[in-house]
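A short write-up of the structure that comes next.
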Amino acid sequence: MKSILLVDDDETTNLVNSFFIRQLDSSLKVNNVNNGEEAIAFLQRASPSEDLPCLLLLDVNMSVMNGWEFLDVYTEKFGGRFEKDVVIVVLTSMDIYDNAMAMTHPSVAEMIQKPLSDIKFRALVTKHFFSD
């Protein structure tokens, strides 16, 4: 089963994103964690055949471990191990610094301005999973 990992410390954002993702594709399993530290733990426990998310939506501004700290630890712990399997998309308010960081980080496929909408999600899925 394909899954998505939402990494955001805002429970309401996770709830709303989970809802409309399931509305678009009810076969997707949506997992939520509240910060980068929980996301690293989730990925360490994940089995490639079942739990590994095909898409990781990452908020930048979180407590405990923010999105940039997560990406540093992710790169250090996993290297390119998940590179072909997990698409990482940074979700943030439009910030010049965040935009520059996202565009130059080798693990980040794309940056999308919050809030995520069904239109943005459809475009994201089409771009990364159904384009040639």
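We count residues from 1, following the sequence as given. All values below were derived from every heavy atom in this structure, side-chain atoms included, with hydrogens, water molecules and symmetry-related copies excluded.
- For the salt bridge (Lys or Arg N to Asp or Glu O under 4.0 Å) condition, the pairs that include at least one residue of residues 100-111, sequence neighbours left out, are E110-K127.
- At a threshold of 4.5 Å between non-hydrogen side-chain atoms, the residues F42 and L56 do not count as touching.
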### Task
Kindly determine whether Y74 and L58 satisfy side-chain contact (heavy atoms from CB on, under 4.5 Å), including the steps that lead there.
CA-CA 12 Å; Y74 175 87; L58 178 67; over 6 Å; no

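- To the nearest 0.5 Å, atom CG of residue L5 and atom SG of residue C54 are 10.5 Å apart.
- Residues meeting the side chain to side chain contact (heavy atoms under 4.5 Å, CB included) test with T12, sequence neighbours left out: D10, V16.
- Using a 4.5 Å heavy-atom threshold, the side chains of L91 and D8 count as separate.
- Under the rule for a ring pair (Phe, Tyr, Trp, His ring centres under 6.0 Å), F20 has no partner lying at least two apart in sequence or in another chain.
- Checked against side chain to side chain donor-acceptor pair (under 3.5 Å), S18 has the following partners two or more places apart in sequence or in another chain: N32.
- Residues I112 and L24 fall within the same hydrophobic cluster, defined by Ile, Leu, Val, Met, Phe, Trp and Tyr side chains chained together at heavy-atom separations under 4.5 Å.
- In this structure, the side chains of E37 and V73 stay at 4.5 Å or more apart for every pair of heavy atoms.
- Of all heavy-atom pairs spanning S107 and L71, the tightest one is CB-CD2, 4.2 Å.
- The shortest non-hydrogen separation linking R22 to V30 is NH2-O, 3.2 Å.
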### Query
What's the verdict on side-chain contact (heavy atoms from CB on, under 4.5 Å) for L124 and L57, showing C-alpha distance, side-chain angles and the deciding distance?
CA-CA 11 Å; L124 174 70; L57 300 178; 3.8 Å; yes

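- Looking at K2, its side chain never comes within 3.5 Å of a backbone N or O of L55 through a donor-acceptor pair.
- Annotation: side chain of L43 is in contact with side chain of F70 (closest heavy-atom distance under 4.5 Å).
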N/O donor-acceptor pairs under 3.5 Å from side chains in residues 59-66, not counting sequence neighbours:
unit_1: D59; atom_1: OD1; unit_2: K114; atom_2: NZ; d: 3.1
unit_1: N66; atom_1: OD1; unit_2: W68; atom_2: N; d: 2.9
unit_1: N66; atom_1: OD1; unit_2: E69; atom_2: N; d: 2.8

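- Between D85 atom CG and L52 atom CG the span is 5.5 Å, to the nearest 0.5 Å.
- Separating the CE atom in M111 from the CD1 atom in I88 is a distance of 15.0 Å, to the nearest 0.5 Å.
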### Task
Before giving the answer on side-chain contact (heavy atoms from CB on, under 4.5 Å), spell out for E11 and N34 the whole-Å C-alpha distance, their side-chain angles and the decisive distance to 0.1 Å.
CA-CA 8 Å; E11 293 291 332; N34 296 312; 2.5 Å; yes

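- By the side chain to side chain contact (heavy atoms under 4.5 Å, CB included) test, A109 is found to be paired with V87, H128, residues two or more places apart in sequence or in another chain being considered.
- Take Q44 and apply the side chain to side chain contact (heavy atoms under 4.5 Å, CB included) test, not counting sequence neighbours, and it matches I40, K77, F78.
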